[in-house]
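The structure appears right after this line, and notes come after that.
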Amino acid sequence: QVQVVESGGGSVQPGGSLNLSCVCSGAPYSMSVMGWYRQVPGQKREFVAAISRWGPTEYAESVKGRFSISRDNPKNMVELQMNNLEPEDTAVYFCNANPSLTFSPPGYYWGQGTQVTVSS
């Protein structure tokens, strides 16, 4: 059974930083793509950032220059360093693991989410 677990969420003031971590376990292989999505009440889950097993990354326009994604392939672990956080970044952040070779659509392995709240 594949499990995806996120950690690192919390509450910060605007301009602050957080680092999210995600570990995918139970799979006998390294996920081709791992990434982050976020969701707020009344809105659909939206793409934030993703990274492939081979290095390429992709970011949503709203987070470019502020967020940075990285991964450890042998551990199926991915991190999201979030800097200069804004109130608009407030959401539940979900980790996604995808054995396929594309960033979109996301894979069907999801974590339960970690809350990020940005407020003054």
Side-chain angles (χ1 to χ4, degrees):
Q1 181 179 11
V2 175
Q3 293 183 316
V4 180
V5 180
E6 308 98 333
S7 62
S11 298
V12 298
Q13 294 182 318
S17 298
L18 284 173
N19 182 265
L20 306 183
S21 296
C22 171
V23 176
C24 178
S25 62
Y29 52 87
S30 179
M31 295 292 175
S32 295
V33 175
M34 295 187 69
W36 294 90
Y37 290 70
R38 64 188 182 187
Q39 187 171 24
V40 300
Q43 300 184 19
K44 64 180 180 180
R45 190 169 298 182
E46 67 175 359
F47 171 79
V48 176
I51 183 169
S52 77
R53 182 179 181 180
W54 305 274
T57 60
E58 186 169 322
Y59 296 91
E61 289 294 328
S62 60
V63 305
K64 285 184 177 179
R66 300 189 298 119
F67 293 7
S68 180
I69 190 170
S70 61
R71 67 179 291 171
D72 184 327
N73 290 329
K75 298 180 180 179
N76 268 337
M77 182 173 67
V78 63
E79 295 187 344
L80 183 68
Q81 178 64 45
M82 306 186 294
N83 299 320
N84 301 122
L85 285 162
E86 305 169 350
E88 292 74 19
D89 296 316
T90 296
V92 177
Y93 283 70
F94 296 90
C95 181
N96 178 262
N98 191 350
S100 298
L101 301 176
T102 62
F103 290 156
S104 179
Y108 47 82
Y109 299 115
W110 293 96
Q112 65 179 218
T114 184
Q115 177 71 47
V116 171
T117 301
V118 185
S119 63
S120 59

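Heavy atoms only: backbone and side chains are in, while hydrogens, waters and symmetry mates are out.
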What distance separates Gln3 CD from Asn76 CG, expressed to the nearest 0.5 Å?
13.0 Å
Reported SG-to-NZ distance for the pair Cys24 and Lys75, which is rounded to 0.5 angstrom
14.5 Å
Within 6.0 angstrom of Gln112 CD, more than 12 heavy atoms from elsewhere
no
May I ask you to decide if Thr117's main-chain N or O and Thr90's side chain share a donor-acceptor pair within less than 3.5 Å?
no
Backbone of Thr102 reached by a side-chain donor or acceptor of Ser100 within 3.5 Å
no
Using distance alone, with no hydrogens and no angle criterion, decide if Gln81 and Asn83 have a side-chain donor and acceptor under 3.5 Å apart.
yes
For residues 89-111, pull every pair meeting salt bridge (charged side-chain N to carboxylate O under 4.0 Å, His left out), keeping only residues two or more places apart or in separate chains.
Arg38-Asp89, Arg66-Asp89
Only pairs at least two apart or in different chains count here, so list each salt bridge (charged side-chain N to carboxylate O under 4.0 Å, His left out) that has a residue in residues 2-18.
none
Running the 4.5 Å side-chain criterion over Ile, Leu, Val, Met, Phe, Trp and Tyr, what cluster does Val63 land in, apart from itself?
Val2, Val4, Val12, Leu18, Leu20, Tyr29, Met31, Met34, Trp36, Val48, Ile51, Tyr59, Phe67, Ile69, Val78, Leu80, Met82, Leu85, Tyr93, Tyr108, Tyr109, Val116, Val118
List, by chain and then residue number, the residues other than Val33 in its hydrophobic cluster (Ile/Leu/Val/Met/Phe/Trp/Tyr, side-chain heavy atoms under 4.5 Å); write none if there are no others.
Phe103
Assert yes or no for the condition that the ring centre distance of Tyr37 to Phe47 is strictly below 6.0 Å.
yes
Kindly state each residue pair satisfying disulfide bond (SG atoms under 2.5 Å apart) with at least one member in residues 80-120, sequence neighbours excluded.
Cys22-Cys95
Only pairs at least two apart or in different chains count here, so list each disulfide bond (SG atoms under 2.5 Å apart) that has a residue in residues 54-94.
none
Give the minimum heavy-atom separation between [X] and [Y], together with the two atoms involved.
X: Pro14; Y: Ser120; answer: CD-N, 3.7 Å
X: Arg71; Y: Ser30; answer: NH2-OG, 3.5 Å
X: Ser21; Y: Asn19; answer: OG-OD1, 3.7 Å
X: Asn98; Y: Gly107; answer: ND2-N, 3.2 Å

